[in-house]
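Reckoned from all heavy atoms, side chains included, excluding hydrogens, waters and symmetry mates.
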Amino acid sequence: MTRVRRGYTARRRRRKIRLFASTFRGAHSRLTRTITQQKMRALVSSHRDRGRQKRDFRRLWITRINAVTRDNGVFPSYSKFIHNLYKRQLLLNRKILAQIAIENKNCLYMISNKISQIKKIIK
């Protein structure tokens, strides 16, 4: 068999890895072995943090809604507000409710007042 010269293939593989790590600092963007380690580490972190990001945003939305509903005074807590929303079949997700709470508090007050009025009528 003839000898295979791997210069081109190896160079192409390393160039692809270097392109990924071009924004890293120091040896993490210059040395092939460290670049590979940092690339694996970066990909693991990005995969892990995609799930964490969803969690964090949900917590943020819940905190915002809770603050406005307590300030409003119609419902004493976030959980009671959400419970009554589901009971009345007003299916607004937390992201939309948080945006309403931040940008237009009057709209959220109107929603919560409607829920409490329906609650009084039913009882």
Self-check item: Residue pair K87 / I115, side-chain heavy-atom distance below 4.5 Å
Solution: no
Quiz item: Within a strict 4.5 Å, meaning less than it, do heavy atoms of the R18 and S29 side chains meet?
Solution: no
Quiz item: Hey, is CZ on R25 packed in by over 12 heavy atoms from elsewhere, all under 6.0 Å?
Solution: no
Self-check item: Criterion side chain to side chain contact (heavy atoms under 4.5 Å, CB included) on Q99 and I96, from CA distance to verdict
Solution: CA-CA 5 Å; Q99 284 178 345; I96 298 300; 3.9 Å; yes
Practice problem: Hey, could you give me the CZ/CZ distance between R58 and R55, rounded to the nearest 0.5 Å? | Solution: 12.0 Å
Quiz item: Do the non-hydrogen side-chain atoms of F81 and L108 ever get within less than 4.5 Å of each other?
Solution: yes
Quiz item: Any side-chain heavy atom of T9 sitting closer than 4.5 Å to one from V4?
Solution: no
Practice problem: Check whether M40 and I17 end up in the same hydrophobic cluster, where Ile, Leu, Val, Met, Phe, Trp and Tyr are linked by side-chain heavy atoms less than 4.5 Å apart. | Solution: no
Quiz item: When rounded to the nearest 0.5 angstrom, what distance separates CZ in R94 from CZ in R64?
Solution: 15.0 Å
Quiz prompt | Plane angle bin for W61 and F57 - parallel if under 30°, tilted between 30 and 60°, otherwise perpendicular | solution = tilted
Quiz item: Side-chain heavy atoms under 4.5 angstrom apart, residues restricted to Ile, Leu, Val, Met, Phe, Trp, Tyr: same cluster for F75 and L92?
Solution: yes
Quiz item: Is the backbone of I100 close enough, under 3.5 Å, to the side chain of N104 for a donor and an acceptor to pair up by distance?
Solution: no
Self-check item: Side-chain heavy atoms of R52 within contact of D49, under 4.5 Å
Solution: yes
Self-check item: Nearest heavy atoms of F24 and Q38, plus distance in Å
Solution: CE1-CB, 3.9 Å
Quiz item: Nearest 0.5 Å, what's the CZ-CD1 distance between R70 and I65?
Solution: 13.0 Å
Quiz prompt | L85 vs I111 side-chain heavy atoms within contact, under 4.5 Å | solution = yes
Quiz item: Can you tell me how far the NZ atom of K105 sits from the CG atom of D71, to the nearest 0.5 Å?
Solution: 5.5 Å
Quiz prompt | Distance (rounded to the nearest 0.5 Å) between I35 CD1 and L19 CG | solution = 10.5 Å
Exercise. Measure the spacing between SG of C107 and CG of L97 and express it to the nearest 0.5 Å.
Key: 9.5 Å
Self-check item: Polar side-chain atom of S45 near backbone of R41 as donor-acceptor pair, under 3.5 Å
Solution: yes
Quiz item: Shortest non-hydrogen contact from T34 to A27?
Solution: OG1-O, 3.4 Å
Exercise. Using a 4.5 Å cut-off on heavy atoms from C-beta on, say whether the side chain of Y78 contacts that of I62.
Key: yes
Quiz prompt | Least distance between heavy atoms, A101 atom then V68 atom | solution = CB-CG2, 3.7 Å
